[in-house]
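Here is the structure we will look at, set down as structure tokens.
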Amino acid sequence: MINKAHIFIQARLTSTRFPSKVIQDIDGLPSIVFQYQRVKRSNLASEVVVIIPDDKENNTLAETLEDYSIPYFRGHPEILIRRFEDAARFYKSEIIVRTNGDCPLISSSSIDATISTFTSETKVDYCSTTLDTSFPVGEHCEAFSYSALLKGFDLFEISKEIAEHVTPLFYRNPEFFNCLSVPCAHVFPEKLRLCVDYPEDLHFIRSLLLQLPNKGDSDLIEIINTVRDSPNLLDINSHYQKDRALLS
């Protein structure tokens, strides 16, 4: 376990494309609960916490997390980067590991690879599975130091992009921050999409789970192999595509 490495899963109910997607049913559980249980299998994190906006629109999400005894933190209702900073300060985080609450099949091995990559270098400020295209959509994980976050606050005015997405603060300013890409050990179908942005994505996840050998316990390589064996699964949601790389 890496000291003071906290995984923060960001989640909210007010998505414009697919409202309340994080509490849709996946294998008998609210999606955010299903994802938390997968993320919790990380061997390198000190704690896993869901961070949500502190507003009435997300009270139902807070109640869902309480029903399953999942730790959560309520922060700034509008400015995501402030929500992260407040959570990191509250938990005394040295390393912040960020993942999105709409990635229910993210694998703990991808998270641990991110943490391991971050801690393997002495002067790295930020690393990610999405700086290049080596990971499929839905395996989005980033790690950065709390000290680097504070440095960013000192150096830059917080733009709308940074306020809403947090980590452009690092990868848009490589002259100030040392950023690394996390290598992926697996080759996967180009159209594989493991996030939930639209109802078809949810349908894909549910259909895939019916064929996975270990269901919620399946790791990324098992997901890839199952899709290769059943390529028609990709027809469900592959018409939705977005850039896999943050720097594309």
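Basis for what follows: all heavy atoms, side chains included, without hydrogens, waters or symmetry-related copies. The structure presented is a predicted model; accordingly, all values stated were derived computationally and were not measured.
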Compare all side-chain heavy atoms of Thr114 with those of Cys127 and state whether any distance is below 4.5 angstrom.
-> yes

Below 4.5 Å, heavy atoms only, C-beta onward: do Val196 and Pro104 meet side chain to side chain?
-> yes

Ile158-Leu80 co-clustered via ILVMFWY side chain contacts under 4.5 Å = yes

Scanning both residues in full, the closest heavy-atom pair of Arg38 with Ser107 reads NH2-OG, 3.3 Å

Mark yes or no for whether Ser20, through its side chain, and Ile23, through its backbone, hold a donor-acceptor pair below 3.5 Å.
-> no

Contacts of type salt bridge (Lys or Arg N to Asp or Glu O under 4.0 Å), residue Arg98, not counting sequence neighbours | Glu142

Do Asn214 and Glu222 have side-chain heavy atoms sitting under 4.5 Å apart?
-> yes

Which pairs would a plain distance check flag for residues 60-73, meaning a side-chain donor or acceptor within less than 3.5 Å of a matching protein atom at least two apart in sequence or in another chain?
unit_1 : atom_1 : unit_2 : atom_2 : d
Thr64  : OG1    : Thr60  : O      : 3.0
Glu66  : OE2    : Tyr72  : OH     : 2.4

Side chain to side chain contact (heavy atoms under 4.5 Å, CB included) involving Lys40 - partner list, sequence neighbours excluded = Tyr36, Val48

Can you find a heavy atom in the side chain of Pro189 that is under 4.5 Å from one in the side chain of Ile224?
-> yes

Atom pair CD1 (Ile32) and CD (Gln24), whose distance is rounded to the nearest 0.5 Å = 12.5 Å

Check step by step if side chain to side chain contact (heavy atoms under 4.5 Å, CB included) holds for Phe84 and Gln10.
-> CA-CA 9 Å; Phe84 268 84; Gln10 67 182 62; 3.3 Å; yes

Here the pair of heavy atoms bringing Cys179 nearest to Leu131 is CB-CD1, 4.3 Å

Going from CD1 on Ile106 to SG on Cys195, what distance comes out if it is rounded to the nearest 0.5 angstrom?
-> 11.0 Å

Side chains of Glu139 and Leu220: does their closest heavy-atom pair fall under 4.5 Å?
-> yes

Modelled atom types, side-chain donor and acceptor of Thr14 and Arg12, under 3.5 Å | yes

If a pair satisfies salt bridge (Lys or Arg N to Asp or Glu O under 4.0 Å) and one of its residues is in residues 210-220, list it, with sequence neighbours excluded.
-> Asp27-Lys215, Arg41-Asp217

Taking only residues two or more places apart in sequence, or in another chain, which ones meet Ser116 in a side chain to side chain contact (heavy atoms under 4.5 Å, CB included)?
-> Leu44

Donor-acceptor contact present, side-chain Ser46 to main-chain Ala5, <3.5 Å | yes

CD1 (Ile221) and OG (Ser109) are apart, to the nearest 0.5 Å, by 9.5 Å

Across all chains, not counting sequence neighbours, the ring pair (Phe, Tyr, Trp, His ring centres under 6.0 Å) partners of Phe176 are Phe156

Are the side chain of Asp102 and the backbone N or O of Asp197 linked by a donor-acceptor pair below 3.5 Å?
-> no

Working to the nearest 0.5 Å, report the span between CZ of Phe188 and CG of Leu194.
-> 9.0 Å

For the atom pair CD (Glu190) and CG (Leu192), what is the distance rounded to the nearest 0.5 Å?
-> 10.0 Å

When rounded to the nearest 0.5 Å, the distance separating CG of Asp25 from CD1 of Ile205 is 13.0 Å

For residues 69-82, the salt bridge (Lys or Arg N to Asp or Glu O under 4.0 Å) pairs (sequence neighbours left out) are Asp54-Arg74

Would you list the pairs meeting salt bridge (Lys or Arg N to Asp or Glu O under 4.0 Å) in which at least one residue belongs to residues 145-169, sequence neighbours left out?
-> Lys160-Glu164, Glu161-Arg172

Is the backbone of Asn232 close enough, under 3.5 Å, to the side chain of Ser230 for a donor and an acceptor to pair up by distance?
-> no

Should Ile81 and Leu155 be regarded as members of a common hydrophobic cluster, given that ILVMFWY residues are connected when their side-chain heavy atoms come within less than 4.5 Å of each other, either directly or indirectly?
-> yes

Under 4.5 Å between any side-chain heavy atoms of Leu209 and Leu105, yes or no?
-> yes

Set of residues satisfying salt bridge (Lys or Arg N to Asp or Glu O under 4.0 Å) with respect to Asp201, sequence neighbours excluded = Arg193

Is it true that a side-chain atom of Asp132 and a backbone atom of Ser134 form a donor plus acceptor pair closer than 3.5 Å?
-> yes

What one should report as the nearest heavy-atom pair of Ile9 and Gln35 is CG2-NE2, 3.7 Å

Partners of Ser145 by side chain to side chain contact (heavy atoms under 4.5 Å, CB included), sequence neighbours excluded?
-> Phe118, Ser147, Ala148

So, for Tyr198 and Tyr240, is the gap between ring centers shorter than 6.0 Å?
-> yes

Those residues at least two apart in sequence (or on a different chain) that pass ring pair (Phe, Tyr, Trp, His ring centres under 6.0 Å) with Phe170 are Tyr126, Phe144, Phe177

Listed by chain and number, what are the side chain to side chain contact (heavy atoms under 4.5 Å, CB included) partners of Arg89, not counting sequence neighbours?
-> Glu85, Asp86, Tyr146

State, to 0.1 Å, how close Leu233 and Ser207 come at their nearest heavy-atom pair, and which atoms those are.
-> CD2-CB, 3.8 Å

In short, Thr129 meets Ser110 closest at the heavy-atom pair CG2-O, 4.4 Å

Give a yes or no on whether the backbone of Lys191 and the side-chain of Ser238 come within a donor-acceptor separation of less than 3.5 Å.
-> no

Closest non-hydrogen contact found for Phe8 with Ser93 is CZ-OG, 3.6 Å

